Amino acid sequence: MAEPGASFMLDAATAEELTGGRWIGSRGELVLHGLAIDSRQVMPGCIFACFTGQHVDGHDYADTAVGDGAALILAAREVEVPVPVLVVADVTAALGALAAAFRDHYSDAVWIAITGSNGKTTVKELAAAACGASDRVWCTPGNRNNAIGVPLTVLNTPAGVRYVIVELGASAPGEIDTLARIVRPDVGVITNIGPAHLAGMGGLEGVTRTKCELFGRVAPHGRVLFCRHGLDAVCAEYDQRADDLLAIVRAAAGSRQLTIVGDPGCPIAGEAREAGLVLRTVVGEVSLQLMGTHNLANASLAWHLAVAAGADAQRALGGLAAVGPSNGRLQQCHLGEHLLLDDSYNANPGSMEAGLRVLSQRPGARLAVLGAMAELGQESAQLHRRVGAEAARLGLPLLTVGRTAAAIGTGYTAAGGRDHCHVRDADEAVAVLRERLRVGPTSVLVKASRSAGLDRIPAALMEALGHGSARGEGDGGC
């Protein structure tokens with residue numbers, strides 16, 4: 001936290017009613033400020049929530065947290081500390097209940113919730129910039145968009161902000177609804193529908209219904225936005241009618257004002273260039289330090305979102321100009337004469353194919369370095385093969401890394417790809433890359449889910465080759 005969260009009044013009876021837990025210690029009313037789940041991030045007056053992990057048990061750090069200023073311990077069992085302890089059956093569920101109560105009392109801001117198959121974090125960062133100065137906006141740090149991350153974001157909201165932007169993620173039906181109940185947004189946004197978590201959600205219709213759970217929790221007078229960029233292509237791939245999915249979106253919106261970004265009445269206007277994007281709107285245009293048509297759609301959605309939330313349209317457009325790629329999210333780094341596109345932060349089939357399309361538009365020699373995509377269920381092998389087939393269709397040389405990623409290579413060769421190498425891990429990949437880059441200037445895309453560990457590749461290449469020595473004017477950098 002940059003600063004303590006806004007004050008939150010809590011007494012024993014209210015806490016027990018909200019969480020079904022048992023309050024131990026003084027039952028007087030507490031004035032709380034924020035939430036920590038790591039004892040190293042405790043701030044005076046905060047709640048410290050004890051989670052039991054595979055290697056660390058937060059209960060063992062309760063006393064340390066109190067010493068650093070924690071005013072309330074939320075725990076699954078009794079701990080001996082000189083401040084009140086709220087003992088609950090489920091710490092995660094209790095956090096959600098406390099965050100929802102905090103949200104009920106924080107009504108001066110415009111609350112915005114963002115979900116979707118791809119682009120949630122990028123749209124969140126763009127929207128935060130479009131909504132105004134940093135002291136007016138609070139948003140999800142990183143991509144903490146789950147049942148713990150959402151309460152962390154909400155309870156740590158500083159006093160006096162104008163916009164609160166919360167990212168919501170899910171891998172199964174019902175999870176978005178649970179998170180949206182906490183946020184109760186005034187504006188709800190779905191970035192897109194794509195082939196992420198298909199197995200857990202029941203195909204594209206299931207994904208659409210799950211994401212649309214958000215709209216049902218938006219205030220009845222609120223605004224909802226959906227971006228249909230890429231929807232037709234995804235539907236064609238899965239033999240699904242786009243109109244059927246859009247009907248689900250419209251039904252979920254109900255009487256709320258719905259904007260479908262990418263429809264004829266709300267086109268995505270602009271162009272993707274080698275050095276970035278140009279977004280055009282009804283109030284003017286702006287250049288962005290991002291790459292790819294998918295990010296043009298993200299920027300257009302973020303601008304419409306900011307305007308829907310009450311931001312000035314012209315200022316919102318200007319705010320977008322300052323946004324560059326986040327670390328590991330299609331970030332351009334010059335390594336001497338080579339260009340690295342570091343997209344190693346995370347991946348699913350849609351974002352993989354978007355990254356490949358960006359790479360295919362680069363001049364000269366190119367190489368796609370791809371690792372495994374996580375959480376794809378029973379369709380994992382098929383979806384990995386599909387990514388490989390797309391790389392072959394685009395005519396890209398391919399280096400796959402790790403056992404699961406071998407299926408990408410299978411799809412690549414089956415689709416006619418002729419330049420493929422497979423290695424066991426990131427270390428072998430770096431060795432192959434260093435040899436491969438000897439041929440001359442090359443654009444390299446590195447992309448995988450975080451669990452694949454391919455983020456070690458950009459770091460190793462930067463250490464070996466240096467970076468920035470051949471950066472052109474206006475290019476992005478590490």
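Computed from a prediction, not measured in an experiment: that's the story for all the values here.
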Just list the side-chain donor-acceptor pairs under 3.5 Å for residues 383-391, sequence neighbours left out, or say none.
unit_1, atom_1, unit_2, atom_2, d
H384, ND1, S380, O, 2.7
H384, ND1, S380, OG, 3.3
H384, NE2, M373, N, 2.9
R386, NE, E353, OE2, 2.8
R386, NH1, Y238, OH, 2.9
R386, NH2, E353, OE2, 3.0
E390, OE1, R393, NE, 3.0
E390, OE2, R393, NH2, 2.8

Open item on the list: Is the ring pair H105/F8 parallel, tilted or perpendicular, if the boundaries are 30 and 60 degrees?
Closed with: tilted
Open item on the list: Closer than 3.5 angstrom, by distance alone: can the side chain of H420 be matched with the main-chain N or O of L398 as a donor-acceptor pair?
Closed with: no
Open item on the list: Strictly by salt bridge (Lys or Arg N to Asp or Glu O under 4.0 Å), give each pair with a member in residues 341-350 just once, sequence neighbours left out.
Closed with: D343-K447
Open item on the list: Show every side-chain hydrogen bond (donor to acceptor under 3.5 Å, both in side chains) that has at least one partner inside residues 315-324, sequence neighbours left out.
Closed with: none
TODO: Considering only NZ, NE, NH1 and NH2 on the basic side and carboxylate oxygens on the acidic side, decide whether E271 and R273 come within less than 4.0 Å.
DONE: yes
Open item on the list: If the threshold is 4.0 Å, N to carboxylate O, is there a salt bridge linking D104 and R184?
Closed with: yes
Task: R217 bridged to D177 by N-O distance under 4.0 Å - done: yes
Open item on the list: Looking at R250 and D263, is any side-chain nitrogen of the basic one under 4.0 Å from a carboxylate oxygen of the acidic one?
Closed with: yes
- [ ] Return the set of residues passing ring pair (Phe, Tyr, Trp, His ring centres under 6.0 Å) with W303 (not counting sequence neighbours), or none when no residue passes.
- [x] none
TODO: From the options L465, T442, V423, V369, select the one residue that forms a side-chain contact (heavy atoms from CB on, under 4.5 Å) with L433.
DONE: V369
Open item on the list: Under the rule for ring pair (Phe, Tyr, Trp, His ring centres under 6.0 Å), what residues qualify as partners of F215, not counting sequence neighbours?
Closed with: none
Enumerate, atom names and distances included, each donor-acceptor pair closer than 3.5 Å involving a side-chain atom of residues 121-133, sequence neighbours excluded.
unit_1, atom_1, unit_2, atom_2, d
T121, OG1, E167, OE1, 2.9
T121, OG1, E167, OE2, 3.0
T121, OG1, R329, NH2, 3.4
K124, NZ, T140, O, 2.7
K124, NZ, G142, O, 2.4

